[in-house]
Amino acid sequence: MPHNFLALADHTPQQLRTYLDLARQLKLHPAGFRDACRGRTLAMIFQKPSLRTRVSFQAGIYQLGGQGQYLGPKDIQLHRGESIADTARVLSRYVDGIMARVFSHQDVVDLGAYADVPVINGLSDLLHPCQVLADLQTIEEKLGTLAGRKWTYVGDGNNMAHSILCGGALAGMTVAIAHPRGYAPDPDLVTRARDIAARTGGAIMITEDPAEGVADADVVYTDVWASMGQETEHAERLKRFKGFRVDGKLMAQARPTAIFMHCLPAHRGEECAAEVIDGPQSVVFDQAENRLHAQKSVMVKLMGDRW
Ligand code: CP
Ligand code: NVA
């Protein structure tokens, strides 16, 4: 297993399977893992806001016998010019793991390079691997299998799109991304996902047509149109993303058994219609719950001693 959890693409299909199987056990038998990270501390660096990531990591490490320490944007010296390298080296003298939510992906890469303890990516501008690990757990729970399923993401070619591309490919799924013109996913990540898919039996499709994207989909997924840090682009994006809202009409083009997913937070009436996110096909709160179990799996593997 890699020492850090920075990107799903750093893992083999077998390592992904290990995390998913352990996440399932953690959900079924939480009491069996009460001491798995006994006495361990997780430092949680947040350069951006969070509900799910912050609370699920803090509750998760506590449930494993350890403790989390929240380090918000103004709490540590990063915003006053202390380097990532020094922050990583100092934290490594105190704690057993570092989870970080950052703007620049390079910051989590540098944390990983300079820390002596495992580093977990809690979202960067490029990737959101913890979310997609929980999403894969959720899809497997709901549909029974991952390989061969079609996972369609409709919206911005952002951190969620990138992690879905790599995570879905690693699981042998067909991943379709339907994005407005000018908001395509990063071409290097698309190439990386295609390389992974070629080895796992998965496939990658990139389109500017939402209806083509969702045709025969088993999973329809969306995310906000303006991510954290893009607030000034919100009005422009509302115009450019017209036609990319997941509503009942678009969902009807997927398989009748399709599930609807969203990493949350959601904006009803923008990227998704209330009828969909609050409707019978939506699994968004199971998905949010699985953040807890999936991340406990990562912490047990990287910070626990018996695993
Ligand atoms: N989905 C997700 O990461 O939510 P938060 O931004 O609330 O952590
Ligand atoms: N793309 C979103 C995901 C939030 C969980 C953002 O980066 O703000």
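If you read the sequence from its start, that first residue is 1, and numbering goes on from there. Bear in mind that the values here come from a model prediction, so they are computed numbers and not experimental data. Heavy-atom basis, side chains included; hydrogens, waters and symmetry copies ignored. We count ligands from 1, going down the list as the structure has it; atoms in each ligand are counted the same way.
Comment: Arg24 does not engage Glu140 in a salt bridge, judged by the lack of any side-chain N to carboxylate O separation of less than 4.0 angstrom.
Within the 4.0 Å heavy-atom criterion, neither part of Lys48 lies near ligand 1. Counting heavy atoms under 4.0 Å from ligand 2, residue Asp125 does not touch it at all.
Protein heavy atom in closest approach to atom 3 (C) of ligand 2: Asp223 OD2, 3.6 Å. For atom 7 (O) of ligand 1, the nearest non-hydrogen atom of the protein is Leu51 N, 2.6 Å. Closest protein heavy atom to atom 4 (C) of ligand 2: Leu123 CD1, 3.9 Å. The protein atom (non-hydrogen) at minimum distance from atom 4 (O) of ligand 1 is Arg52 NE, 2.7 Å. The single protein non-hydrogen atom nearest to atom 8 (O) of ligand 2 is Met228 N, 2.8 Å, given as residue, atom name and distance. Here the heavy atom of the protein found nearest to atom 7 (O) of ligand 2 is Asn159 ND2, 2.9 Å. The protein heavy-atom contact nearest to atom 3 (O) of ligand 1 is His128 NE2, 2.8 Å.
Of the listed residues (Ser163, Ser227, Gly229), the one carrying the non-hydrogen atom nearest atom 6 (C) of ligand 2 is Ser227.
A pairwise comparison of heavy atoms in Ser163 and Pro129 identifies OG-N, 3.6 Å as the closest pair.
Checking Thr207 against Glu212 by side-chain atom types alone, a donor-acceptor pair falls below 3.5 Å.
Partner Leu126 forms a side-chain contact (heavy atoms from CB on, under 4.5 Å) with one of Asn121, Asp186, Leu6 and no other, that one being Asp186.
For a threshold of 3.5 Å applied to N or O pairs, the pair formed by Met160 and ligand 2 contains no separation below that value.
Using a non-hydrogen distance threshold of 4.0 Å, Arg54 does not register as a contact of ligand 1. Ligand 1 has Leu264 within reach: a non-hydrogen atom of the residue lies less than 4.0 Å from it.
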